[in-house]
A.B. asks: 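My questions will all concern the structure given below.
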Amino acid sequence: MTVAEKRRADLSAFLRSRRERITPEMVDLAPGPRRRTPGLRREEVAQLAGVGVTWYTWLEQGRPINASSQVLDAIARTLRLDSAERHHLYRLAGQPAEPFPADSAQVTPEMRVILDRLGGLPACVTNSRCDALAWNDVYAELFPEIVNAPEGERNSLWQACLNPSPTMTLLDRDQDLGRAVAVFRSAYSRHADDPCWQDFLRRLSSESAEFARLWARQEVAEPGPRVKAFKHAKHGILHFSTTNLTAAPEIRLVVYTPMDDDTWEVLAKLRGAAR
């Protein structure tokens, strides 16, 4: 399968999954008898978007047809796509809503200074594939499996899916890991023709049934602030808010801020251990 064919197949699966979640009642249509498909029918999407039924059917079937931004806008509105989903649709259809620069693994000296100066706040620099590129000492104390992993596995998504006994375990695993996979999918659509990304996705899908299940949901999201709870192997429950700061094109500085006194106390101990 060529890259173009794979992208069209992804577009087909994504459109079908978004169509199936919209009920007729949500768009003021009568449910009607003998409805065998979940959500809307293809002809209903076409009617609501103001496009031809045959044309929309071909688009969802992954046929090699061109879609203008105006038509994609209409489909996005009909399927009630959010901003991340809309960008994902455009990229899969070969009509990105805005240009995205290529990924980069560059970590500048200034970024390293910021990491070190953050003091007691765990922080790392990561790319859009979730590779850890640089980190400070207290982050390394919290996530030793990530920073000590070999190249190719020094990746937060890889470790979350494949490390059976991590130091830090997500308490709300399905929600937090599901969102991480959705953010990864959004980034992947910008790099689907990159062999490195293709190989990473292939390896992770084949080795982690959990990742494959979450990937099949067709969910997309953009990075943003989160509140996460972890169970530390030695120190119990820790609560953090995570802040994503754009450091360079597709390079983020992720900072973990404690949400309670107990978490601050644990970080103070870890800081001392790191010295």
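Just so it is clear, the values below take in all heavy atoms, side chains as well, and ignore hydrogens, waters and symmetry mates. Note that this is a predicted model, so its numbers are computed, not measured.
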A.B. asks: Does the pair Ile75 and Leu81 meet the rule for a side chain to side chain contact (heavy atoms under 4.5 Å, CB included), with working shown?
C.D. replies: CA-CA 9 Å; Ile75 293 173; Leu81 304 187; 5.9 Å; no
A.B. asks: Please answer whether the main-chain N or O of Ala160 pairs with a side-chain N or O of Arg173 as donor and acceptor at a distance below 3.5 Å.
C.D. replies: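 Yes.
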A.B. asks: Quick one: closest heavy-atom pair of Asn155 and Ile146, and the distance?
C.D. replies: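 Looks like N-CG2, 4.3 Å.
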A.B. asks: Is it true that Glu85 and Arg21 make a salt bridge, defined as a side-chain N closer than 4.0 Å to a carboxylate O?
C.D. replies: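 Salt bridge flag = yes for Arg21 with Glu85.
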A.B. asks: Without swapping roles, check the side chain of Arg7 against the backbone of Ser189 for a donor-acceptor pair under 3.5 Å.
C.D. replies: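 Checked: pair present.
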A.B. asks: Side chains of Thr78 and Ile22: does their closest heavy-atom pair fall under 4.5 Å?
C.D. replies: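 When only atoms from C-beta onward are counted, Ile22 and Thr78 do not touch, as no gap falls below 4.5 Å.
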A.B. asks: Within this structure, what is the CE-CG distance for the pair Met259 and Leu238, rounded to the nearest 0.5 Å?
C.D. replies: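 Between atom CE of Met259 and atom CG of Leu238 there are 13.0 Å.
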A.B. asks: Look at atom CH2 of Trp264 and say whether more than 12 heavy atoms of other residues, nucleotides or ligands are closer to it than 6.0 Å.
C.D. replies: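 Yes, CH2 of Trp264 has more than 12 neighbouring heavy atoms, counting only those of other groups under 6.0 Å.
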A.B. asks: Tell me, with the steps shown, if Phe184 and Trp215 meet ring pair (Phe, Tyr, Trp, His ring centres under 6.0 Å).
C.D. replies: CA-CA 9 Å; Phe184 174 77; Trp215 182 258; 5.8 Å; yes
A.B. asks: Could you tell me if Ser17 and Gln218 have a donor-acceptor pair between their side chains, going purely by distance under 3.5 Å?
C.D. replies: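 No - no donor-acceptor pair under 3.5 Å links their side chains.
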A.B. asks: Would you say the side-chain atoms of Arg154 pair up with the backbone N or O of Ala132, donor to acceptor, closer than 3.5 Å?
C.D. replies: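 Looks like no, no N/O pair under 3.5 Å.
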A.B. asks: Where the side chain of Glu145 meets the backbone of Thr167, is there a donor-acceptor pair that is under 3.5 Å apart?
C.D. replies: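 At least one qualifying donor-acceptor pair exists.
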A.B. asks: Just by distance, no angles: are the side chains of Ser186 and Arg91 close enough, under 3.5 Å, to form a donor-acceptor pair?
C.D. replies: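 Ser186 vs Arg91: donor-acceptor pair found between side chains.
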A.B. asks: Any donor and acceptor pair, going by atom type alone, linking the side chain of Gln159 with main-chain N or O of Glu153 inside 3.5 Å?
C.D. replies: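 Answer holds: yes.
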A.B. asks: When you measure from the side chain of Asn127 to the backbone N and O of Asp131, does any donor-acceptor pair fall under 3.5 Å?
C.D. replies: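 It does hold such a pair.
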A.B. asks: Apart from Val53 itself, which Ile, Leu, Val, Met, Phe, Trp or Tyr residues share its cluster (side-chain heavy atoms under 4.5 Å, direct or through members)?
C.D. replies: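 Traced through the cluster, Val53 reaches no other member.
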A.B. asks: Under 4.5 Å between side-chain heavy atoms, hopping through other hydrophobics if needed: is there a path connecting Tyr90 to Leu15?
C.D. replies: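 As far as the 4.5 Å side-chain criterion goes, Leu15 and Tyr90 are connected within one cluster.
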A.B. asks: Check Leu267 against Leu142 and note the closest heavy-atom contact, atom names and distance.
C.D. replies: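 Leu267 and Leu142 have their closest heavy atoms at CD2-CD1, 4.0 Å.
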A.B. asks: Looking only at side-chain N and O atoms, does Asp116 offer a donor or acceptor that is under 3.5 Å from a partner on Asn136?
C.D. replies: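 Short answer, no.
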A.B. asks: I'd like to know if the side chain of Arg8 reaches the main chain of Gly62, judged simply by a donor and an acceptor atom lying under 3.5 Å from each other, with no hydrogens or angles considered.
C.D. replies: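 Yes, Arg8 side chain to Gly62 backbone: donor-acceptor pair under 3.5 Å.
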A.B. asks: Could you walk me through whether Leu245 and Val254 satisfy the side chain to side chain contact (heavy atoms under 4.5 Å, CB included) test, starting with their C-alpha distance in whole Å, then the side-chain angles of each, then the deciding distance to 0.1 Å, before giving a yes or no?
C.D. replies: CA-CA 6 Å; Leu245 305 174; Val254 183; over 6 Å; no
A.B. asks: Hey, could you give me the CD/CG distance between Gln95 and Leu89, rounded to the nearest 0.5 Å?
C.D. replies: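 Gln95 atom CD to Leu89 atom CG measures 10.5 Å (nearest 0.5 Å).
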A.B. asks: Are any non-hydrogen side-chain atoms of His239 and Val227 less than 4.5 angstrom apart?
C.D. replies: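 No; the side chains remain at least 4.5 Å from each other.
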A.B. asks: Output yes when a side-chain donor or acceptor of Asn244 lies under 3.5 Å from a complementary backbone atom of Gly224, and no otherwise.
C.D. replies: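 Such a contact is found between Asn244 side chain and Gly224 backbone.
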A.B. asks: Looking only at non-hydrogen atoms, find the nearest pair between Leu115 and Trp135 and report the distance.
C.D. replies: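 Nearest heavy atoms, Leu115 then Trp135: CD1-N, 3.6 Å.
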A.B. asks: Does the distance from a Lys or Arg side-chain N to an Asp or Glu carboxylate O, for Asp199 and Arg203, drop under 4.0 Å?
C.D. replies: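 Counted as a salt bridge, because a side-chain N and a carboxylate O are separated by less than 4.0 Å.
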A.B. asks: Evaluate the criterion salt bridge (Lys or Arg N to Asp or Glu O under 4.0 Å) for residue pair Glu250 and Arg190; output intermediate values, then yes/no.
C.D. replies: CA-CA 11 Å; Glu250 297 210 39; Arg190 303 193 292 270; 3.3 Å; yes
A.B. asks: Can you find a heavy atom in the side chain of Val255 that is under 4.5 Å from one in the side chain of Leu253?
C.D. replies: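 Result yes, sub-4.5 Å side-chain heavy-atom pair found.
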A.B. asks: Can you check whether Leu40 reaches Leu48 side chain to side chain, under 4.5 Å on heavy atoms?
C.D. replies: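 They are in contact (side-chain heavy atoms under 4.5 Å apart), so the answer is yes.
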A.B. asks: For Arg112 and Leu133, which heavy atoms make the closest approach, and how far apart are they?
C.D. replies: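 The answer is NH2-O, 4.5 Å.
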A.B. asks: Please find the pair of heavy atoms, one from Lys228 and one from Thr242, that lie closest to each other, and give the distance.
C.D. replies: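 So the two residues come closest at CD-CG2, 4.3 Å.
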A.B. asks: Mark yes or no for whether Gln175, through its side chain, and Asp172, through its backbone, hold a donor-acceptor pair below 3.5 Å.
C.D. replies: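 Answer holds: no.
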A.B. asks: Which ILVMFWY residues can you reach from Ile237 by hopping between side chains whose heavy atoms are under 4.5 Å apart?
C.D. replies: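 Via sub-4.5 Å side-chain contacts, Ile237 links to Leu171.
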A.B. asks: If Ile, Leu, Val, Met, Phe, Trp and Tyr residues are connected whenever their side-chain heavy atoms lie under 4.5 Å apart, and connections chain through other members, are Val3 and Phe200 in the same group?
C.D. replies: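 Different clusters.
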A.B. asks: Among side-chain atoms of Ser12 and Gln61, is any donor-acceptor pair under 3.5 angstrom?
C.D. replies: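 Judged by distance alone, the side chains do not pair up.
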A.B. asks: How long is the gap from CZ on Arg42 to CD on Glu60, to the nearest 0.5 Å?
C.D. replies: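 CD of Glu60 is found 4.5 Å from CZ of Arg42.
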A.B. asks: A side-chain contact here means heavy atoms from C-beta on lying under 4.5 Å apart; do Phe240 and Pro258 qualify?
C.D. replies: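 Sidechains of Pro258 and Phe240: in contact.
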A.B. asks: Evaluate Asp194 against Arg129 for salt bridge (Lys or Arg N to Asp or Glu O under 4.0 Å), listing each step before the verdict.
C.D. replies: CA-CA 12 Å; Asp194 187 325; Arg129 196 171 52 221; 5.3 Å; no
A.B. asks: Is any side-chain N of the basic residue among Arg179 and Glu219 closer than 4.0 Å to the acidic one's carboxylate O?
C.D. replies: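 Salt bridge flag = no for Glu219 with Arg179.
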A.B. asks: When the ring planes of Tyr256 and Phe230 are compared, do they come out parallel, tilted or perpendicular, using 30° and 60° as the limits?
C.D. replies: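 Ring orientation of Tyr256 relative to Phe230: tilted.
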A.B. asks: Show, in sequence, the C-alpha distance, side-chain angles and deciding distance for Trp158 and Glu207, and conclude whether the side chain to side chain contact (heavy atoms under 4.5 Å, CB included) test is met.
C.D. replies: CA-CA 10 Å; Trp158 181 277; Glu207 297 191 35; 3.9 Å; yes
A.B. asks: Looking at SG of Cys161 and CG of Leu177, how far apart are the two atoms once the value is rounded to the nearest 0.5 Å?
C.D. replies: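 Separation between the atoms: 4.5 Å.
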A.B. asks: Inspect the surroundings of CD in Glu25 and state if more than 12 heavy atoms from other residues, nucleotides or ligands are less than 6.0 Å away.
C.D. replies: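 Result for CD/Glu25: enclosed.
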A.B. asks: Apply the test salt bridge (Lys or Arg N to Asp or Glu O under 4.0 Å) to residues Asp82 and Arg86: give CA-CA distance (whole Å), side-chain angles for both, the deciding distance (0.1 Å), then the verdict.
C.D. replies: CA-CA 6 Å; Asp82 62 23; Arg86 183 182 294 262; over 6 Å; no
A.B. asks: Starting from Val183, can I reach Leu162 by hopping between I/L/V/M/F/W/Y residues whose side chains sit under 4.5 Å apart?
C.D. replies: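 No, Leu162 and Val183 fall in different hydrophobic clusters.
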A.B. asks: If you apply the rule side chain to side chain contact (heavy atoms under 4.5 Å, CB included), what do you find for Leu214 with Asp174, and how did you get there?
C.D. replies: CA-CA 9 Å; Leu214 295 171; Asp174 193 65; 3.9 Å; yes
A.B. asks: Measuring from atom CZ of Arg202 to atom CD of Gln198, what distance do you get when rounded to the nearest 0.5 angstrom?
C.D. replies: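 So the gap between those two atoms works out to 10.0 Å.
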A.B. asks: Quick one: are Leu59 and Val71 in side-chain contact, heavy atoms under 4.5 Å?
C.D. replies: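 No; the side chains remain at least 4.5 Å from each other.
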A.B. asks: Does some side-chain heavy atom of Ser165 sit less than 4.5 Å from a side-chain heavy atom of Asn163?
C.D. replies: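 A side-chain contact under 4.5 Å exists here.
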A.B. asks: Which atom pair, heavy atoms only, marks the closest approach of Ala180 to Leu157?
C.D. replies: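 In terms of heavy atoms, the two residues are closest at CB-CD1, 4.2 Å.
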A.B. asks: Got a second to check how far Ser128's OG is from Glu222's CD, nearest 0.5 Å?
C.D. replies: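 Between atom OG of Ser128 and atom CD of Glu222 there are 10.0 Å.
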A.B. asks: Could you check whether any side-chain heavy atom of Asp176 comes within less than 4.5 Å of a side-chain heavy atom of Arg226, counting everything from C-beta outward?
C.D. replies: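 Of all side-chain heavy-atom pairs linking Arg226 with Asp176, at least one is under 4.5 Å.
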A.B. asks: Checking Arg80 side chain against Met26 main chain: does a donor-acceptor pair fall under 3.5 Å?
C.D. replies: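 Side chain of Arg80 to backbone of Met26: a pair is present.
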